[in-house]
A.B. asks: 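Dropping the structure in here first, questions after.
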Amino acid sequence: MRVVLPVVGAISCGGWTKELASSTSDGDARLLFLCEDGVMAQSYSTRSREPLWVAYELEPEQQRRCQGGRKSFVADRRIPAGDRASANAEVWGPQPNGDSWDRGHLAPSYSFSYDLSPGGAWEATYRMSNVAPQASRFNRYSWRLLEEHVSDFVVARNQSVLVVTGVGFQAPQDAERQARDGVQIPDKWFKAVCAPELSASFAMVGDNVDERTPKGMSVGVLSTAISLADFEALEWAQRQFGGKIFADERCYTSLLDMGVARELDRVADALRIIPKSESNECEPGEDEVLLISEYVEGASFDKAIEVFNPTQAPVPLQHWSLRIARNGGDWTGIVEFPSVDLGPGQVFVVAHTRSRFAEANLTSSALNFNGNDAVGLALCDEVVDVVGVSGKEASAAGVSKATKDHVLERKAGIRTPSSWTASAGTGADDSQWVVRSRTAHTLGAHQALVEVPQSGRRMETTIRRLRW
C-alpha cells in the first residue's frame, strides 16, 4: 500500500522523523514529519503536542479483513520526550468544568485492524502521535459513524480512498482552549476523502464540542459534506495547509456521493471476511487456563479487571470473556476479548471506558459494576472464576464489604480459577486475595510464582502486562 501525502507534506514517506518544511504556520513550534512507511504519514505539532493531520489510504482487500479491538495507548518515542503528550495526562477524561475529552484517533484503529501483528498497522494507531482531544459524545457517535461509513463505502463499492484526517484551530493562541499538560484543545475535527478512480471527493468538518452530532456533522446520509475547494478556503485550513491537501488532481473533479450508511453497512457486512478465530465456534485447548489477578472497584467509573495467564503456553483470548451479574441477577453483562494470544505469565487489563487507568489493554463501557455485583471470567460460555456475589457487598480475607471501594489482588501462589466461596476465605491466611484501599492498585504488574523451565523450581517474579 502506498501512502499518498498531502501537498504540504511533499516529503517521501521513506524515513522516520523529519522537519516538515511547508507553508503551514503554528507559531514558533516545530512541525515533525512522522512516517509509518506503508501505513500512514503524520504532521505533529510540538506546540500543541498533537498531530495536525494524518494521511493514509484505505483499500478494499484490507478493509474486508478488519477485526476491530482495543488496546492501551503508548508514547511515540520518535518524538522528543519534552514534546510528547502523556497517555495519562489530566486533559483526558472528565474535566472540572464539565467537559470530557477522549483520546480521539486521527487514523481510526478499526480501519487498520487488518494487521494485528506486533508493530503492525493497528498497533501504530495507538501511538499518542495519532491522538488529539476530542469531545466524548462527538467521538463516540457521529465521528465513529463517519469512520464506519467510510470503511463500509470502501468495501461495498470496492473503491480505494485517500484520506486526510486532522484537527483545526481557529485561534491557535486562544487561552480558553488550552488544556492542562500543554495539550491544546482543537476547535475542529475534519476528514477529507478522495476516491481517485471515481474522480470525486468530499470533506466534513465538525465542531469539537460535547454533542452527539455537532455543527458540520451528519449521519446516515452525509448531507453536510462540502467540497475540497470549500474546505481549503476556510481561514484556519489556509493557515494550516496553505494550499491543496491532495496532490492527485482527480480529487478536485466532483463531490463524492457516499450513499446511505445503512445500505452500505448491509452490503459491506456480507463481503467482510470474518477471521476463523472470530467465528461462533469455541474450541479451547485442554490446557487453557486464565484467572482474575486483580479487581478494582474504585470511585465513579474507575473499574478494572486484570487477567493473568499462569501457564507456560500462550492462551487465545478470543475464547474468553468477562461476565457481570448485577443486583442479584444472572450473568448478563459481557465484555469480549480481542483475537490475540496472552503469552505465558502475561496479564491483560480491562477497564471502563471512562476510567483513568492508562494500564488498560482494553476499555469497555460494559465493564460497569459495583460492590454488590459479581464479576466472572468465562471460558466460552462457562464462568470459571468469580469475584463477588450478585446482590451483596461481599467480604474477603476477613474484610467486610471487600468488593466495594477496594482493590483485591490475587496472591502470588494462585494458579487456578475458582468459585468465590473457595477464593474469598474467612481471614487473611486462608483467602486467595489481598485487600487494599481503592486507590492502591497494581494494574499491569502481577506478583506470581512461576516455574523455571527445565529445573522445576519456582520463583516469585513480577509479571508485566501484555504489550501488543
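Just so you know, these numbers use all the heavy atoms, side chains as well, and skip hydrogens, waters and symmetry mates.
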A.B. asks: Would you check, one step at a time, whether the test side chain to side chain donor-acceptor pair (under 3.5 Å) holds for Trp433 with Ser423?
C.D. replies: CA-CA 7 Å; Trp433 302 94; Ser423 70; 3.1 Å; yes
A.B. asks: Measure the CZ-CZ distance between Arg212 and Arg140 for me, rounded to the nearest 0.5 Å.
C.D. replies: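 Going from CZ on Arg212 over to CZ on Arg140, the span is 12.5 Å.
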A.B. asks: So for atom CD, which belongs to Glu211, do other residues, nucleotides or ligands contribute more than 12 heavy atoms lying within a distance under 6.0 Å?
C.D. replies: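 Atom CD in Glu211 is packed in, count exceeds 12.
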A.B. asks: Under the side chain to side chain donor-acceptor pair (under 3.5 Å) rule, what do Thr165 and Tyr56 come out as? Steps first, then yes or no, please.
C.D. replies: CA-CA 9 Å; Thr165 301; Tyr56 51 93; 3.1 Å; yes
A.B. asks: For Asp302, is there an ion pair with Arg356 - N to carboxylate O distance below 4.0 angstrom?
C.D. replies: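 No salt bridge links Arg356 with Asp302.
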A.B. asks: Can you list the steps and then say if Val150 with Lys191 is a side chain to side chain contact (heavy atoms under 4.5 Å, CB included)?
C.D. replies: CA-CA 10 Å; Val150 173; Lys191 190 178 295 290; 4.3 Å; yes
A.B. asks: Can you tell whether the side chains of Arg438 and Glu297 come within less than 4.0 Å, N to carboxylate O?
C.D. replies: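 No salt bridge links Arg438 with Glu297.
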A.B. asks: Measure up the Phe348 and Phe337 rings against each other and bin them: parallel (under 30°), tilted (30 to 60°), perpendicular (over 60°).
C.D. replies: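 Aromatic pair Phe348/Phe337 classed tilted.
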A.B. asks: Give a yes/no verdict on a cation-pi contact between Arg65 and Tyr114, requiring under 6.0 Å between NZ or CZ and the six-membered ring centre and an angle within 45° of the axis.
C.D. replies: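 Checked: cation-pi criterion not met.
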A.B. asks: Within a strict 4.5 Å, meaning less than it, do heavy atoms of the Glu197 and Arg157 side chains meet?
C.D. replies: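 With C-beta onward as the side chain, the pair stays apart.
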A.B. asks: What closest approach, in Å, do Tyr44 and Arg84 show between heavy atoms, and which atom pair accounts for it?
C.D. replies: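 Smallest heavy-atom distance, with atoms named: OH-CA, 3.6 Å.
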A.B. asks: Look up atom CG in Asn130 and atom CZ in Arg103, then write down how far apart they are to the nearest 0.5 Å.
C.D. replies: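 Those atoms lie 13.5 Å apart.
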A.B. asks: How far apart are the closest heavy atoms of Ser339 and Leu116, and which atoms are they?
C.D. replies: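 Between these two residues, the closest heavy atoms are O-CD1, 4.3 Å.
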A.B. asks: Taking all non-hydrogen atoms of both residues, which atom of Ser321 and which atom of Cys380 are closest, and how far apart?
C.D. replies: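 Looks like OG-O, 4.3 Å.
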A.B. asks: Check whether any side-chain heavy atom of Ser160 lies under 4.5 Å from a side-chain heavy atom of Val154, and answer yes or no.
C.D. replies: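 A side-chain contact is absent here, since even the closest heavy-atom pair is not under 4.5 Å.
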A.B. asks: CG/Asn309 to CG/Leu291 distance, rounded to the nearest 0.5 angstrom?
C.D. replies: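 One gets 8.5 Å once the value is rounded to the nearest 0.5 Å.
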A.B. asks: Taking Arg410 first and then Asp385, would you say they form a salt bridge - that is, a charged N and a carboxylate O separated by under 4.0 Å?
C.D. replies: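 Here Arg410 pairs with Asp385 in a salt bridge, since their nearest N and O are under 4.0 Å apart.
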A.B. asks: Ring centres under 6.0 Å, that's the criterion: do Phe112 and His105 meet it?
C.D. replies: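 They do not qualify: ring centres at least 6.0 Å apart.
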A.B. asks: Please step through side chain to side chain contact (heavy atoms under 4.5 Å, CB included) for the pair Ser129 and Ile79, ending with a clear verdict.
C.D. replies: CA-CA 8 Å; Ser129 57; Ile79 300 171; 3.8 Å; yes
A.B. asks: Using side-chain heavy atoms (C-beta onward) and a distance below 4.5 Å, is Asn208 in contact with Ile185?
C.D. replies: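 A side-chain contact under 4.5 Å exists here.
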A.B. asks: Is it the case that the side chain of Asn372 and the backbone of Gly391 share a donor-acceptor pair, with hydrogens and angles ignored and the cut-off at 3.5 Å?
C.D. replies: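 A pair under 3.5 Å: no.
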A.B. asks: Just do the side chain to side chain contact (heavy atoms under 4.5 Å, CB included) check on Val347 and Ser293 with the steps written out, would you?
C.D. replies: CA-CA 8 Å; Val347 297; Ser293 50; 4.3 Å; yes
A.B. asks: For a quick test of reading the model, state the closest non-hydrogen atom pair linking Leu271 to Ala156 and the distance between them.
C.D. replies: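 That would be CD1-CA, 4.2 Å.
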A.B. asks: Are Phe369 and Tyr295 close enough that their ring centres sit under 6.0 Å apart?
C.D. replies: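 They qualify: ring centres under 6.0 Å apart.
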A.B. asks: Would you call Arg272 and Asp152 a salt bridge, taking side-chain N to carboxylate O under 4.0 Å as the test?
C.D. replies: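 Asp152 and Arg272: salt-bridged.
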A.B. asks: Could you tell me which non-hydrogen atom of Asn327 sits nearest to which non-hydrogen atom of Asp373, and how far apart they are?
C.D. replies: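 Closest approach of Asn327 to Asp373: N-OD1, 3.1 Å.
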A.B. asks: Quick check: does any side chain N or O of Ser390 sit under 3.5 Å from a backbone N or O of Gly328, one acting as donor and the other as acceptor?
C.D. replies: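 A pair under 3.5 Å: yes.
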